[in-house]
S.K.: 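If you scroll down you'll find the structure; I have some questions about it.
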Amino acid sequence: QVGLVNLGAQEFEGVKTFDDRSVFQAGLTVDAGQSISLTGGNIASRPGSPTEGMIYYDTETDSLLTYANGKWQSDRGEYIIVAADDSTQAEKDSADYVADATADQTEINSAITAVNAAGGGKVYLMEGTYTVDAGISMMSNVYLSGSGNGTEITIVNGLNTTMNVLDIIGDNNVAVENLSINGNNANQSGVINQYGINIGSTSTDVLINNVHIYDAEDSGIWTNSTSGYGNYVITNSVFENNGTYGIRLGSEESVVSNNSFRSNAQAGITVSGSRNTIEGNYLESNGVSTTTGDISVSGSNNTISNNTIYDSFDAGIITVGGSYASITGNTIIDSQDNGIYLNGDYSTVTGNVIKNSTDAGIYINSVADGVILSSNVIDASGSVGVSLRSATYASVIGNSITNTASSAIYVRSSGADHKISDNIIATYGTVTAASDGIELDSLVTSNGIQITDNKITDTAGTGYAI
């Protein structure tokens, strides 16, 4: 007998073995409590010419697979999955898209487009290296996540073409997290203005979380928002060895918090937008190729608080124009210029700790009027503790200034209408003997300057207390 043929219903009892392809032209029903067992085989034994709808049990990956959309697939999650060329076979089986180490932005962009078309959701990049030769384009309502530092997106060697690794242009409600971006600048030439992540001018509500961006030719992240756009949160991320800035923030009402910045060629963070918050970041050895400061701010009404800055190649914090900056609770150690340099009006500088600056602890430039310095601790400055150059209406109140190389507080040029009171000044003039506790140079217009209730002791040099 060749086969079992029955045009009607048929029941099988016991073990039945089919040695060739069998076709059931109606439904196949298995009684309750019974099962179908697939012996399967390893990866190499998978059918060589599979067709849509086949099922196969892989004994090597312990996965029940279905052949669909041109690939073997295992169980799905609630999001779109992309596997890298060097992901494991089991990971590739569970992915919707599998990259091949060539133009991997193609698979990633396809996944992003699919999620966006479905109304939004998550694209998950499995652990592995994704090599791109063009940009990844985010879309609104898409959340792109990797597995952590084990998920890396890198530019292919020798591309030598300007591109951003990831673009967020005019998109809203976007998140990128748990992955690394390698600009691979050492293996490129002739590239300019390349960013790890580029956030365009009309994007809003963007989250960047736990992302490691390094070796970009230009900035790790560049944002350039027009007025009324922004609300970006950049947090828990690492920026290092980028060719200019760690973050170049041109947005409004954004937050940069709890990030690390190391060895970026210019500032760790530069801010040109307004009403932003820069808080809780760690910055070390940034600014090696320029004089921009570790945190550089040119917009208005920005808050810089509770950051820790070590070994800046220029000032720890600089305000360049703008106004009403709030600089509070920062720790700045070993800056190779001023600890804080103020060049904007009506800033409030309070509760900061500034130690071992090569130049002044706090330097107030000639165009910075109405500045308030209070409750700061300034120690071991390489020149003066506080320098007021031609500024007016400054309040220097309740600070501790000790161990300065020259005068503790120096009012110079045409400065006027200051209030200097309740400061504790000790051991000034450790290098320049003829230094003073509070010094007013010969060009100062003394009218309106109030110097009251300061405690000046332990003079190291031969200068005056005041």
Side-chain angles (χ1 to χ4, degrees), residues 77 79-112 115 122-138 142-168 174-188 191 194-199 206-222 234-247 258-264:
Y79 36 81
I80 299 295
I81 299 173
V82 182
D85 182 64
D86 56 352
S87 296
T88 67
Q89 186 60 52
E91 289 172 331
K92 291 178 181 179
D93 290 338
S94 66
D96 298 277
Y97 300 88
V98 177
D100 58 6
T102 301
D104 289 344
Q105 75 279 354
T106 302
E107 290 81 9
I108 297 172
N109 284 332
S110 293
I112 291 170
V115 168
K122 178 178 177 180
V123 173
Y124 178 67
L125 303 183
M126 287 186 162
E127 185 171 340
T129 300
Y130 299 83
T131 303
V132 299
D133 59 13
I136 295 168
S137 298
M138 291 296 292
V142 175
Y143 163 33
L144 179 67
S145 177
S147 66
N149 283 338
T151 297
E152 178 165 288
I153 304 170
T154 184
I155 296 176
V156 66
N157 289 343
L159 181 63
N160 304 331
T161 299
T162 297
M163 57 161 279
N164 305 313
V165 178
L166 195 150
D167 285 307
I168 304 171
V174 170
V176 179
E177 69 173 6
N178 301 328
L179 53 82
S180 292
I181 294 175
N182 178 5
N184 197 17
N185 189 45
N187 294 305
Q188 312 295 326
V191 176
Q194 176 208 81
Y195 311 118
I197 298 177
N198 175 39
I199 304 177
V206 175
L207 169 66
I208 309 295
N209 176 49
N210 192 30
V211 173
H212 180 197
I213 304 179
Y214 65 103
D215 290 347
E217 179 275 333
D218 199 297
S219 302
I221 294 179
W222 158 265
I234 305 171
T235 187
N236 301 319
S237 296
V238 176
F239 303 84
E240 57 185 347
N241 298 315
N242 294 297
T244 58
Y245 307 101
I247 295 176
N258 301 318
N259 304 286
S260 293
F261 301 82
R262 296 184 180 90
S263 303
N264 297 287

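Along the sequence shown, residues carry numbers from 1.
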S.K.: Report the C-alpha distance between Ile247 and Phe261 in whole Å, list the side-chain angles of each, state the deciding distance to 0.1 Å, and finish with yes or no for side chain to side chain contact (heavy atoms under 4.5 Å, CB included).
M.R.: CA-CA 9 Å; Ile247 295 176; Phe261 301 82; 3.7 Å; yes
S.K.: Show the nearest heavy-atom pair for residues Leu125 and Thr151, with the distance to one decimal.
M.R.: O-OG1, 3.2 Å
S.K.: Just how far is it from atom CD1 of Ile81 to atom CE of Met126, taken to the nearest 0.5 Å?
M.R.: 4.5 Å
S.K.: For Tyr245, which residues count as a ring pair (Phe, Tyr, Trp, His ring centres under 6.0 Å) partner, sequence neighbours excluded?
M.R.: none
S.K.: So which heavy atom on Gly146 is nearest to which on Tyr124, and how close?
M.R.: O-CE1, 3.5 Å
S.K.: Between Asn109 and Ser137, do the side chains contain a donor N or O and an acceptor N or O under 3.5 Å apart?
M.R.: no
S.K.: CE of Met138 to CD1 of Ile168: how many Å apart, nearest 0.5 Å?
M.R.: 6.0 Å
S.K.: Please determine, by modelled atom types, if Asp215 and Asn185 share a side-chain donor-acceptor pair under 3.5 angstrom.
M.R.: no
S.K.: By the definition side-chain contact (heavy atoms from CB on, under 4.5 Å), identify the one residue from Ile208, Ile181, Asn210 that meets it with Val176.
M.R.: Ile208
S.K.: Do the side-chain N and O atoms of Asn209 and Asn236 include a donor-acceptor pair separated by under 3.5 angstrom?
M.R.: yes
S.K.: Mind checking what makes ring pair (Phe, Tyr, Trp, His ring centres under 6.0 Å) contact with Tyr214, not counting sequence neighbours?
M.R.: His212
S.K.: How long is the straight-line distance from CD of Glu107 back to CD1 of Ile136, given to the nearest 0.5 Å?
M.R.: 10.5 Å
S.K.: With Asp218, which of Asn198, Thr162, Thr244, Asn164 fulfils side-chain hydrogen bond (donor to acceptor under 3.5 Å, both in side chains)?
M.R.: Thr244
S.K.: Between atom OG1 of Thr161 and atom CD of Gln188, what is the distance when rounded to the nearest 0.5 Å?
M.R.: 8.0 Å
S.K.: To the nearest 0.5 Å, what is the distance between CG on Leu144 and CG on Leu179?
M.R.: 6.0 Å
S.K.: Quick check: do Thr235 and Leu207 have side-chain heavy atoms less than 4.5 Å from each other?
M.R.: yes
S.K.: Rounded to the nearest 0.5 Å, how far apart are NZ of Lys122 and CD of Glu177?
M.R.: 7.5 Å
S.K.: Compute whether any side-chain donor of one residue and acceptor of the other, for Asn242 and Ser219, lie under 3.5 angstrom apart.
M.R.: no
